[in-house]
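Since the structure comes first, as structure tokens, the remarks are kept for the end.
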Amino acid sequence: MKQFLVAATGPLAERRPQLPAMRLFAELLAFGQFMPWDVFVEDADVEGIPAEWVRLADAAAGRVLLYLHGGGYVLGSLNTHRALVGRLAQKCGVTALAINYRKAPEYPFPAALEDALTAYYWLLNQGYAPADIIVAGDSAGGGLALAVLLALRDADEPLPAAAVGLSPWTDLKLPAGTLRSVCHHEGMLLEALEIRSWGPLYAADTPLSHPLLSPARAALHGLPPLLLQISDAEVLSDDVRRFADKARTAGTPVTLQIFAGLVHWWHLFWRFVPEADQALGQVADFTRQIWTQAELAPTAAMAPVLPLPAR
């Protein structure tokens, strides 16, 4: 994969592909993905948001992963992440709900966050208790999952049981200085695709430092347990480590798992990269631990059904 990145960077830097072309390329790559065996997909409409239930025949009843895909807030879809969500649901033994939230620049902040919150409230209205929901996402979707927690906490709404960030984008102000040598090739690709512009496309007129855009800049107290996975060879690595330290200092339980030498989005390649499937297995271990602890705790009263926020 690293060799592919190196080989692709030169032609990409010369052509500077535009966002529509990158979106199309991501969708075309999705044709090569296949769902894991005995995992089934069912279309869903979440208050007008395209979504999919990803179900196992023997999934644990009453529990769900709300999955928010990555793609820098500007690309990615149900198609690009279907196989990943399927494998994650299979590993965790639960049903997943994936949503196709609105993308920038057509729909800037807070559109994606509004859609994610709508999906969470929709699950509550479907009868899921907050303690039976775990919010997960990769890259920008991981940052969006953290933003969901912050928005719910600040609104004094019931929080999900936990959140999972796979290489989460916690600070939209990507490093502007010299990148660490271990991130050199990924940094070259970042420049070739002009990924630094994606955060401002989503932020639009909102400062990049806004805590619901860059959770690393928020107060991180009062959040449920977090699982964060990152590779030490990713551009986002240092930001995620700092986020984890800040959250722990604020009293939020954080499990930080660091992998060696892997490129960003390695989770998508779970069929070919052994560490990716291992990482998804560790997510499953985390979810089982969270829900086992919930079963041992005193039974809480069912939360009231909440109104859906306006989109």
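Hydrogens, waters and symmetry mates play no part in the numbers below; they use all other heavy atoms, side chains included. For the single chain, residues carry numbers from 1 onward in sequence order.
Salt-bridge annotation for D245 and R242: absent, with no side-chain N of the basic residue lying under 4.0 Å from a carboxylate O of the acidic one. A salt bridge is defined here as a Lys NZ or Arg NE, NH1 or NH2 lying under 4.0 Å from an Asp or Glu carboxylate O, and R82 with E42 fails to meet this definition. Using a 4.0 Å cut-off between charged side-chain N and carboxylate O, D277 and K91 make a salt bridge.
Hydrophobic cluster membership differs between V54 and F40, with clusters built from Ile, Leu, Val, Met, Phe, Trp and Tyr side chains linked at under 4.5 angstrom. Tracing side-chain contacts under 4.5 Å through hydrophobic residues (I, L, V, M, F, W, Y), one never reaches Y107 starting from L208; they form parts of separate clusters. A continuous path of Ile, Leu, Val, Met, Phe, Trp and Tyr side chains, each step under 4.5 Å between heavy atoms, connects L24 with F31, placing both in one hydrophobic cluster.
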Please step through side-chain contact (heavy atoms from CB on, under 4.5 Å) for the pair R153 and H221, ending with a clear verdict.
CA-CA 9 Å; R153 181 203 63 189; H221 62 278; 3.7 Å; yes
Apply side-chain contact (heavy atoms from CB on, under 4.5 Å) to the pair D205 and F109, showing each step before the final yes or no.
CA-CA 9 Å; D205 296 329; F109 175 81; over 6 Å; no
Taking it one step at a time, do L227 and V283 satisfy side-chain contact (heavy atoms from CB on, under 4.5 Å)?
CA-CA 8 Å; L227 170 64; V283 173; 3.8 Å; yes
Hey, mind stepping through I134 and V164 against side-chain contact (heavy atoms from CB on, under 4.5 Å) and telling me if it holds?
CA-CA 8 Å; I134 290 179; V164 175; 4.1 Å; yes
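In this structure, the separation between NE2 on H267 and CG on L262 is 8.5 Å, given to the nearest 0.5 Å. With rounding to the nearest 0.5 Å, the separation of CG in L113 from CG in L144 is 6.0 Å. Put simply, CG on L78 and CG on N100 are 4.5 Å apart, with the number rounded to the nearest 0.5 Å. Note that CD of Q257 is 6.5 Å distant from OG1 of T255, once rounded to the nearest 0.5 Å. Separating the CD atom in E47 from the OH atom in Y121 is a distance of 13.5 Å, to the nearest 0.5 Å. Atom CG of L117 is separated from atom CG of L212 by 8.5 Å, given to the nearest 0.5 angstrom.
Heavy atoms from other residues, nucleotides or ligands lying under 6.0 Å from CG of D45 number more than 12.
Nearest heavy atoms, A218 versus L150: CB-CD1, 3.6 Å. Here the shortest heavy-atom pairing between L149 and P160 reads CD2-CG, 3.4 Å. Y202 approaches A112 most closely through the heavy-atom pair OH-CB, 3.6 Å. Considering every non-hydrogen atom in both W53 and L123, the closest pair reads CH2-CD2, 3.7 Å. Shortest non-hydrogen contact noted between P168 and Q229 is CD-O, 3.9 Å. Here the shortest heavy-atom pairing between F259 and E275 reads CE2-O, 3.9 Å.
Using a 4.5 Å heavy-atom threshold, the side chains of I290 and F286 count as touching. Within the 4.5 Å cutoff, the side chain of T95 has no heavy atoms near those of the L56 side chain. The side-chain heavy atoms of T170 and L236, taken from C-beta on, include no pair separated by under 4.5 Å. For the pair E114/R102, a side-chain contact is recorded, criterion being any heavy-atom separation below 4.5 Å from C-beta on. Put simply, the side chain of L84 reaches to within 4.5 Å of the side chain of Y67, judged on heavy atoms. A heavy-atom distance below 4.5 Å is found between the side chains of I230 and L256. With contacts defined as side-chain heavy-atom distances shorter than 4.5 Å, the pair Y73/L172 qualifies. The shortest distance between side-chain heavy atoms of L226 and F243 falls below 4.5 Å.
The main-chain N or O of S209 is never found under 3.5 Å from a side-chain atom of K173 such that the two would form a donor-acceptor pair. For Y120 (side chain) and V148 (main-chain N/O), no donor-acceptor pair under 3.5 Å exists by modelled atom type. Formation of a donor-acceptor pair under 3.5 Å by the S214 side chain with backbone atoms of P211 is not found in this model. In terms of modelled atom types and a separation under 3.5 Å, the side chain of S231 and the main chain of A233 share a donor-acceptor contact. With W291 contributing its side chain and A131 its backbone, the two residues share a donor-acceptor pair below 3.5 Å. Put simply, the side chain of R288 never gets that close to the backbone of G93: no donor and acceptor are under 3.5 Å apart. W169 places a side-chain N or O within 3.5 Å of a backbone atom of D171 that can act as its donor or acceptor partner. A distance-only check finds no donor-acceptor pair linking the side chain of D115 to the backbone of I99 [under 3.5 Å]. Put simply, the side chain of T252 never gets that close to the backbone of R248: no donor and acceptor are under 3.5 Å apart.
Looking at S237 and R241, their side chains do bring a donor and an acceptor atom within 3.5 Å of each other. Judged by distance alone, the side chains of S167 and E234 do bring a donor and an acceptor atom under 3.5 Å apart. A donor-acceptor contact closer than 3.5 angstrom is absent between the side chains of T80 and H69. A donor-acceptor contact under 3.5 angstrom links the side chains of H81 and D138, judged on distance only.
A cation-pi arrangement is present between K103 and Y101, with the terminal nitrogen or guanidinium carbon under 6.0 Å from the aromatic centre and inside a 45° cone about the axis.
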